[in-house]
S.K.: 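Please see the structure below; I have some questions.
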Protein chains: 2
Amino acid sequence: MKELLHAKGFKMTPQRELIFRTFFDMGRHVSADELSEKVRRKDRSIGHSTVWRTLKLICTVGLAQEVNIGDGITRYDRITRVPHGHLFCLECGEFVEFDAGDMISRLDKVASDSGFVPEGFKVEIQGYCKKCRQQSQESGR
Amino acid sequence: MKELLHAKGFKMTPQRELIFRTFFDMGRHVSADELSEKVRRKDRSIGHSTVWRTLKLICTVGLAQEVNIGDGITRYDRITRVPHGHLFCLECGEFVEFDAGDMISRLDKVASDSGFVPEGFKVEIQGYCKKCRQQSQESGR
DNA sequence: ATTGAAATTGAATATCGCTTTCAATTAGGA
DNA sequence: TCCTAATTGAAAGCGATATTCAATTTCAAT
Ligand SMILES: [Mn+2]
Ligand SMILES: [Mn+2]
Ligand SMILES: [Zn+2]
Ligand SMILES: [Zn+2]
């Protein structure tokens, strides 16, 4: 961890250590605010901007990436070996991940066919989960 | 057009007429600001908020949809019969569309397997276009 | 261990899409 | 024509993200 930062010219600090640990202990798709709140419950002296900057840093060193579902809130998702897509509910915000490995090869080809060097892929499905559909049905319409 | 609005309880106005026409005359992936600027070149009296709201309206009646690539700017894309994906350059912002029809059937299955009723799909590739790669190579690194 | 340049921090402030508010105007069915 | 609900434009508001800056801290080089 410390090595990874130093390799790219960044320094390790107590704040970063706590933020890193908290981030990786939390689930996936964490927003800056959510992380900030959790971090500051452990150490009230850590500033919001530091949490925010560290999240960017985690992306910069390649350990996470931003996920944007169009609700104006950026979430941060740990990068896994297997590329995955997101399925999320427009009503309750539930996230489901699914394996997108097979699609990536297709998309790779699409990119090179257009002369692009791909940097990242995004495969998303927006919809309504079973639970939300049942609830809206119960409450009429 | 007017009928489409009336069918959903909306009224037609001169402002909307101009905004609709301008939007559909412009290319794809238009941001609210871009449209607003173009509209107001034709009629300076039209307020920004009206352009805004009309863009939302166009989505509501099903003629366009929001496209969000994570740069904080919502773009509006006319809905075409064929579902398509987006390939865009992280450097210059160039957009390329590609046919994603075959992927949709796969995604449809993924959704139903999880008990979701899909409302929309997003297939995107971020990368660097040929032109930008050449330019950054010329200017060292 | 000491030093010092460069990175980092936290509070405050700025930014900037986007949204809401509200009084005045307008559309269009009755 | 009349009436009411929808619409408009200006201004103010909102909220996530970004930047500024003085004070502090890290860590490579002494
Ligand atoms: Mn994920
Ligand atoms: Mn498109
Ligand atoms: Zn749901
Ligand atoms: Zn480019």
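Just so it is clear: chains get the letters A, B, ... in the order the sequence lines come, proteins before strands, and each one is counted from 1.
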S.K.: May I have the distance from B/N68 (atom CG) to D/dA16 (atom C1'), rounded to whole angstrom?
M.R.: 13 Å
S.K.: Find the partner of D/dT25: check Watson-Crick (N1-N3 plus N6-O4 or O6-N4) and G-U wobble (N1-O2, O6-N3) distances, both under 3.5 Å, and reply none if neither fits.
M.R.: C/dA6
S.K.: Are any side-chain N or O atoms of B/R78 and backbone N or O atoms of B/L63, one a donor and one an acceptor, separated by less than 3.5 Å?
M.R.: no
S.K.: Find the distance B/E37:CD to C/dG17:P and express it as a whole number of Å.
M.R.: 12 Å
S.K.: Output yes when a side-chain donor or acceptor of B/T80 lies under 3.5 Å from a complementary backbone atom of B/V82, and no otherwise.
M.R.: yes
S.K.: With distance as the sole test, does B/E34 use its side chain to make a donor-acceptor pair with the main-chain N or O of B/A32 at under 3.5 Å?
M.R.: no
S.K.: Expressed in angstrom and rounded to an integer, what is the separation of B/K8 atom NZ from C/dG28 atom P?
M.R.: 18 Å
S.K.: Answer with yes or no whether the side chains of A/T22 and A/K42 bring together a donor and an acceptor at under 3.5 Å.
M.R.: yes
S.K.: Separation of A/R44 atom CZ from C/dA11 atom P, in whole Å?
M.R.: 11 Å
S.K.: Starting at atom CG of A/L57, determine the distance to atom P of C/dA7, rounded to an integer number of angstrom.
M.R.: 13 Å
S.K.: Could you tell me how far apart A/H48 (NE2) and D/dA16 (P) are, to the nearest whole angstrom?
M.R.: 12 Å
S.K.: Which of these nucleotides, C/dG10, C/dC18, C/dT21, is closest to any side-chain atom of B/R53?
M.R.: C/dT21
S.K.: Only counting residues at least two apart or in another chain, list the ones meeting ring-ring contact (aromatic ring centres under 6.0 Å, His included) with B/F88.
M.R.: B/F95
S.K.: Answer with base, sugar-phosphate or nothing: what part of the nucleic acid does A/H6 contact at a heavy-atom distance below 4.0 Å?
M.R.: sugar-phosphate
S.K.: Does the side chain of B/T74 get closer than 4.0 angstrom to OP1 or OP2 of C/dC18 through an N or O atom?
M.R.: yes
S.K.: Atom CD of residue position A/E66 - does it have more than 12 heavy atoms of other residues, nucleotides or ligands inside 6.0 Å?
M.R.: yes
S.K.: Starting from the 5' end of DNA chain C, give me the residue, A/G47 or B/Y76, whose nearest nucleotide shows up first.
M.R.: A/G47
S.K.: If each of B/G9 and B/V51 is mapped to the nucleotide of DNA chain D with the nearest heavy atom, which maps nearer the 5' terminus, i.e. the 5' end?
M.R.: B/G9
S.K.: As a test of understanding, state which of B/T54, B/V51, B/T50 forms a side chain to side chain contact (heavy atoms under 4.5 Å, CB included) with B/V39.
M.R.: B/V51
S.K.: Nearest whole angstrom, please: distance from the C1' of C/dT21 to the CH2 of B/W52.
M.R.: 17 Å
S.K.: Give me the residues of residues 10-35 of chain B where at least one heavy atom lies under 4.0 Å from an atom of DNA chain D, by number, or none.
M.R.: B/F10, B/K11, B/T13, B/Q15, B/R16
S.K.: Specify the separation, in whole Å, of atom NZ of A/K56 and atom C1' of C/dT9.
M.R.: 18 Å
S.K.: Side chain of B/T50: nearest nucleotide among D/dT19, D/dT8, C/dT19?
M.R.: D/dT8
